[in-house]
Amino acid sequence: MVRRSRGQSTRSIYLGLACISLSLHLLLAIFCFSVLQSACVLPTPFSPAFVPRTDPVSHSSSSSAAFSSNKPPANSQNGERYKSNASVHDQKWNGSISEATEEAKKLLGVEKLMKKEKGRSKLEELFQHPLYNLPRPELQEDDWLLRLKTDAEAEDSVGEDEDEENSITNDSEWQSASEEDGYDKVTWTRDKETHPPWLQFQLGISRWELYDRNNPNLAQLTHYLATNRILGAVQKTGGTQLKLLLSFPNYGQALLKPMRQSRDAETDVNLFYFSDFERHNAEIAAFHLDRLLGFNRIPPVVGRLVNITTEIRDITADRKLSRTFFTSPAGNTCFYGQCEYYCSTENPVCGRPHVLEVSLAAMLPDLTLAPRRSWRSPWRRSYSRTKLAQWEKDPAYCDTVKQTPPYNSGTRLVDLVDMAVLDFLMSNMDRHHYETFEKFGNETFLLHLDNGRAFGRHSQDEPSILAPLTQCCRIRRSTLLRLRLLSLPEFRLSDVVRESLDLDPLGAVAPLLSEPHLSALDRRLAAVLRAVQTCQEKHTDVIYDDLKKHGDHWPD
């Protein structure tokens, strides 16, 4: 009996020691795993698209992080930012590159390309590339679309009775006289810091672009559009489809285009290009694509969820609009407005049951302050179901265009080619007119407005959109080099577009562009490069050298 009890106690001791040993091993394994995991976590890169910074800063990786903070991004001077980006860029180049892409990289005039770290942002690297940080021309006083008057000019421009009221000095203030409910009491001085984001955007428009991509106000403006309280909503006149004009408490405004169909809904192949709904996500994606191509010619656009009932119906002063609201059999709040097409009870805009996805575009300055000229595009379609336009029938059509002002001199022709490349990539066939600011005459950029009919079909390309390029065989060198850059695996166009769109608030709801649309971007980009190559095989003056002033190290 004594021997049996000793054996049982011994086994109990061994079992206890085994349990203790196993527990210790488990604790050690958990500890080691946590240490290794924390050591391998890379810092989240900040958003280069909306919050450009050169100093180290911590940001959330959430898709809506760029819009969730009320603290404005820190400011920095353009020259310092360019030098900082260039130095960081040079430090990170190395020669460890696969042979498959070496030849393409040499075409870009880059001796060594950065070896990308795992998880590093392609978008960040793209905007650090020298092609996106070219020295900007020094802007003269006449190169700004709008400017604040000097004290002397203010005194000369007002009457004796209005002199004291209207003249603006550094010490005096402009205060809103409006007593309308909901409007903030606004106090603006000549100091830029007192201007709301929409005003800073308008004051930042120059002869060569709508905005500076590195300007911190771009982040403030998109945040402003996505979060500011909506004070009023009226239907905007003109155009063929429904759009609203929203007002904000500090006198800012935005152009709203509603969600009319599913993001994944492809345009029916039997529909003509002028018979489709406009897409809110197309307006957003067009802004991002235009910026990624280095054009900066589309006003900033951001997505937002609005409540149709409380943020449109209950606050609108537009009686014609208010009469079109109704509740659908499914219990959703709907409206249809009044417009030339698709404004009827058969084509309503409906919430779920009240919430609606929309795009909001920053407004350009009022036409009374900055008149714009509308130009009929030489490659305008006939908008007929039976007739073709002249350029569709005459292969030598561009020879006539080249002899016609303003396309016979300056950059207007390559400006049109830039616009055609943008339209082809997003399959926009609805470019019948374009606009420029009258102040700058013919020496300025083209406004790429109204892109709602883009991204309709991903399974089909429309080569005729590239007619300005294929018929004229002319393209900017900077545009061509950026297209080549975006064709490389390191900066694949679909990847940077996807990453950029993820920064939009609606990117947290669902991808703004489906994967087939993103793949179509890469396919169409390759088609553009093939078209340029075909032109170069037939002509010697294909490249318009806009980079000569920056040195002769850029290849054709």
T368/D366 under side chain to side chain donor-acceptor pair (under 3.5 Å): CA gap, chis, key distance, verdict: CA-CA 5 Å; T368 58; D366 190 89; 2.5 Å; yes
Step-by-step side-chain contact (heavy atoms from CB on, under 4.5 Å) determination, L293 to T479: CA-CA 7 Å; L293 293 174; T479 298; over 6 Å; no
Chi angles and distances behind the side-chain contact (heavy atoms from CB on, under 4.5 Å) call for S427, H517: CA-CA 10 Å; S427 193; H517 276 297; over 6 Å; no
Criterion side-chain contact (heavy atoms from CB on, under 4.5 Å) on L367 and R372, from CA distance to verdict: CA-CA 7 Å; L367 293 175; R372 302 194 297 269; 3.6 Å; yes
Stepwise side-chain contact (heavy atoms from CB on, under 4.5 Å) check, I543 with I475: CA-CA 5 Å; I543 308 300; I475 191 172; 4.0 Å; yes
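Across L203 and W144, no two heavy atoms sit closer than the pair O-CE3, 3.8 Å. Residues F287 and P300 share a closest heavy-atom pair of CE1-CA, 3.5 Å. Across every non-hydrogen atom of D546 and S478, the tightest pair is OD2-OG, 2.5 Å. The two residues V401 and Y407 come nearest to each other via the heavy atoms O-CB, 3.4 Å. Minimum interatomic distance between A226 and P505 (heavy atoms only, all atoms of both residues): CB-CG, 4.0 Å. Between L529 and R484, the closest heavy-atom pair is CD2-CG, 4.0 Å.
Counting only distance, with no hydrogens or angles, the side chain of E499 and the backbone of L123 share a donor-acceptor pair below 3.5 Å. At distances below 3.5 Å, at least one donor-acceptor pair connects side-chain atoms of Y132 with backbone N or O atoms of L292. No donor-acceptor pair under 3.5 Å is formed between the side chain of E443 and the backbone N or O of G410. Formation of a donor-acceptor pair under 3.5 Å by the R523 side chain with backbone atoms of D461 is not found in this model. Panel note: side chain N408, backbone K402; no donor-acceptor pair is recorded below 3.5 Å. Panel note: side chain N428, backbone F424; no donor-acceptor pair is recorded below 3.5 Å. Counting only distance, with no hydrogens or angles, the side chain of K257 and the backbone of D450 share no donor-acceptor pair below 3.5 Å. At least one donor-acceptor pair under 3.5 Å links the side chain of Q200 to the backbone N or O of H195. Listed for the T444 side chain is a donor-acceptor partner under 3.5 Å among the backbone atoms of R207. With R474 contributing its side chain and D541 its backbone, the two residues share a donor-acceptor pair below 3.5 Å.
Salt-bridge formation is not detected for the pair R381/D430: no Lys NZ or Arg NE/NH1/NH2 atom is positioned less than 4.0 Å from an Asp or Glu carboxylate oxygen. E209 has a carboxylate O that lies under 4.0 Å from a charged side-chain N of R136, or vice versa, which qualifies the two as a salt bridge. In summary, R453 and D423 do not engage in a salt bridge, as defined by a charged side-chain N under 4.0 Å from a carboxylate O. Between R263 and E357 there is a salt bridge, since a side-chain N of the basic residue sits under 4.0 Å from a carboxylate O of the acidic one. Between R477 and D545 there is a salt bridge, with a side-chain nitrogen of the basic residue lying less than 4.0 Å from a carboxylate oxygen of the acidic one.
Rounded to the nearest 0.5 angstrom, K122 NZ and S500 OG are separated by 14.0 Å. T222 OG1 to I284 CD1: the interatomic distance, rounded to the nearest 0.5 Å, is 12.0 Å. The distance from the CG atom of L493 to the OG atom of S487 is 9.5 Å, given to the nearest 0.5 Å. To the nearest 0.5 Å, atoms CG (L360) and CG (L255) are separated by 8.5 Å. Rounded to the nearest 0.5 Å, atoms CZ (R524) and OG (S494) are 12.5 Å apart. Distance check: L210 CG to L218 CG gives 11.0 Å after rounding to the nearest 0.5 Å.
Using a 4.5 Å cut-off on side-chain heavy atoms (C-beta onward), L485 and L126 make contact. Within the 4.5 Å cutoff, the side chain of W379 has heavy atoms near those of the Y397 side chain. Residues P516 and E266 have side chains not in contact (no heavy-atom distance under 4.5 Å, counting atoms from C-beta outward). The closest side-chain heavy-atom distance from R297 to L446 is not below 4.5 Å. For the pair F440/D142, no side-chain contact is recorded, criterion being any heavy-atom separation below 4.5 Å from C-beta on. Between L513 and N281 the shortest side-chain heavy-atom distance falls below 4.5 Å. In this structure the side chain of F445 never reaches within 4.5 angstrom of the side chain of D418, judged on heavy atoms. Counting heavy atoms from C-beta on, the side chains of L364 and L449 come closer than 4.5 Å.
Note: Y342 and F277 have tilted aromatic rings, judged against thresholds of 30 and 60 degrees for the angle between ring planes.
In this model, no donor atom of one side chain and acceptor atom of the other lie less than 3.5 Å apart for S464 and E392. In summary, the side chains of N451 and R431 do present a donor paired with an acceptor at a separation below 3.5 Å, with no hydrogens or angles considered.
Note that R213 lies in the cation-pi zone of F127, set by a 6.0 Å cut-off to the ring centre and a 45° limit from the axis.
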